[in-house]
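Let me begin by presenting the structure, written as structure tokens, before commenting on it.
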Amino acid sequence: MPFVNIKKQYIALGMLFFVVLFFFNNKPALQCQLSTEVATYLPTIYGITPTYARLAQKADLTRLSQTLMLVKNFHWIVIEDSTTKTKLVENLLKESTLKYTHLNVKTKTSEHSSASGVEQRNLALDWLRGHLKKSEDTKGVVYFMDDDNTYSLRVFEEMRKIDKVGVWPVGIVGGMRVEMPVVKDGKVIKFNAVWKPFRPFPIDMAGFAINATLFLEQPKAMFSRKVQSGFQESEILKYFAATKDDLEPLAENCTKVFVWHTRTQKPSITNPKNLKHTPMPDHHIEV
Ligand SMILES: *[C@@H]1O[C@H](CO)[C@@H](O)[C@H](O)[C@H]1NC(C)=O
Ligand SMILES: *[C@@H]1O[C@H](CO)[C@@H](O)[C@H](O)[C@H]1NC(C)=O
């Protein structure tokens, strides 16, 4: 029937019209998106996180990894304090969608226990140097992250501004509400720390980040087993900052807290022998 044929043509024309409209409407948006991606180059943040097996490990790593999934251009280096890589950490990393490197090294138990994370962080720095040497883009920032701290996304925005070493306040640490560099006229003039204030740099590991390129210029920069507790930060910083004048105060001249040194409480689990009913068959469930 001719009547039906005309209708079909109208429908086809109408559809073509909408397709053309859609295409022209989207084109400028598409171009805009592409150009902003090129314009906003973000240096990679290398987060170095030592971790060890314990009951709350998966909970802590889940919380942290899901924060990190919101950070652009982030590379997570996770180092297990273990003779082998565990399935728990391996699976968690695989399922995270994060860009990551999974390493492991067992802490020598005969030595000082207070310097935890030394071997793990040093292994990560070795890996990083090897990685940067063979990559085209050596720009980046190194941040030492505990697996149970709390990180605002804003701390990552701040550290991308770093030229050499950036510093900022850390909440709930060292017996204080906030431990921080004191800033005057845009320069660090002192620190407010009360715990071991005689440290060269009395700041927490979460309170600074370092330009990654500089680790190539300082091949010996690493943590040491020989220093007393609380001095690891000063130990690594001494390679990159001669004095407090070399520190770049971030987080609005160190007036904002974007990271907290939270600690996960050690869980207390009832001994199965003390349970009146038959213990639940839960031993095969990963927690
Ligand atoms: C780090 O230092 C290098 C070399 O001095 C420099 O090119 C780069 O812009 C600095 N910042 C970052 C975030 O890489
Ligand atoms: C930090 O302080 C300096 C000197 O007072 C000032 O010029 C600068 O704008 C401040 N920066 C921020 C981010 O508030």
Side-chain angles (χ1 to χ4, degrees), residues 36-49 67-68 70-77 98-101 121-122 124-145 151-171 177-193 201-223 233 235-260:
T36 50
E37 262 169 35
V38 171
T40 54
Y41 166 81
L42 290 176
T44 304
I45 294 172
Y46 296 94
I48 295 180
T49 304
T67 294
L68 298 178
L70 300 170
V71 183
K72 287 198 193 76
N73 246 5
F74 185 85
H75 188 134
W76 201 16
I77 308 168
L98 284 166
K99 189 170 182 183
Y100 67 85
T101 298
R121 291 190 185 97
N122 283 345
L125 291 177
D126 284 347
W127 177 88
L128 181 73
R129 287 188 178 98
H131 171 76
L132 290 177
K133 269 181 202 154
K134 57 185 195 293
S135 67
E136 279 170 40
D137 183 14
T138 62
K139 280 195 184 177
V141 175
V142 176
Y143 189 34
F144 299 102
M145 310 175 70
Y151 301 89
S152 162
L153 296 177
R154 295 197 54 188
V155 78
F156 303 101
E157 288 171 26
E158 289 300 310
M159 68 183 72
R160 289 196 219 262
K161 303 173 190 165
I162 285 174
D163 184 36
K164 288 193 164 75
V165 182
V167 290
W168 47 81
V170 178
R177 293 174 65 246
V178 53
E179 198 180 77
M180 60 182 201
V182 178
V183 177
K184 192 164 178 276
D185 300 327
K187 297 294 285 177
V188 175
I189 54 161
K190 57 180 180 173
F191 302 90
N192 78 338
F201 295 102
I203 54 179
D204 186 74
M205 205 69 84
F208 66 90
I210 300 168
N211 183 328
T213 315
L214 303 183
F215 280 89
L216 291 178
E217 293 167 21
Q218 295 287 344
K220 291 207 175 79
M222 62 173 91
F223 295 93
E233 292 86 352
E235 185 62 20
I236 196 78
L237 282 169
K238 74 178 186 195
Y239 294 95
F240 306 101
T243 66
K244 58 186 179 336
D245 296 332
D246 296 325
L247 304 175
E248 299 150 33
L250 295 169
E252 296 180 24
N253 283 320
C254 294
T255 60
K256 293 278 187 280
V257 175
F258 296 142
V259 56
W260 298 261

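Each ligand, and each atom within it, is numbered from 1 in the order the structure gives.
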Under 4.5 Å between any side-chain heavy atoms of [X] and [Y], yes or no?
X    : Y    : result
F258 : E158 : yes
V167 : L250 : no
F208 : F201 : no

* **atom 9 (O) of ligand 2 protein-contacted (non-hydrogen atom, under 4.0 angstrom)** =>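 No, there is no protein heavy atom closer to it than 4.0 Å.
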
* Asked: Protein heavy-atom contact under 4.0 Å for atom 14 (O) of ligand 2?
  -> yes

* To do: Scan side-chain atoms only and decide if T101 and W76 contain a donor-acceptor pair under the 3.5 Å cut-off.
  => no

* Asked: Does one side chain, of N211 or T213, offer a donor that lies under 3.5 Å from an acceptor on the other?
  ->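 Yes - a donor-acceptor pair under 3.5 Å links their side chains.
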
* Asked: What part of N253, side chain from CB on, backbone N/CA/C/O, both or neither, has a heavy atom under 4.0 Å from ligand 2?
  ->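 For N253, only side-chain atoms sit under 4.0 Å from ligand 2.
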
* Just which atoms of ligand 1 are under 4.0 Å from any heavy atom in I162? -> 11 (N), 13 (C)

* Can you list the atoms of ligand 1 that are under 4.0 Å from a heavy atom of D163? ->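 Under 4.0 Å from D163, ligand 1 has these atoms: 1 (C), 10 (C).
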
* Structure fact -> Any heavy atom of L214 under 4.0 Å from ligand 1? The part involved is neither

Which residue and atom name correspond to the protein heavy atom nearest [atom], and how close is it?
atom                   : result
atom 4 (C) of ligand 1 : T213 CG2, 4.1 Å
atom 7 (O) of ligand 1 : K139 CE, 3.5 Å
atom 1 (C) of ligand 1 : N211 ND2, 1.5 Å
atom 5 (O) of ligand 2 : D185 CA, 3.9 Å

* To do: Look at the aromatic rings of F223 and F144 and report parallel, tilted or perpendicular, splitting at 30° and 60°.
  =>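 Answer is perpendicular, since the angle exceeds 60°.
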
* **Whether H75 and Y46 hold their rings parallel, tilted or perpendicular, with breakpoints at 30° and 60°** =>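 If you compare the ring of H75 with that of Y46, the planes turn out tilted.
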
* **Spacing of CZ belonging to R160 relative to CD1 belonging to I45, to within rounding of 0.5 Å** => 3.5 Å

* Asked: So, is E217 polar-close to ligand 1, with some N/O to N/O distance under 3.5 Å?
  -> no

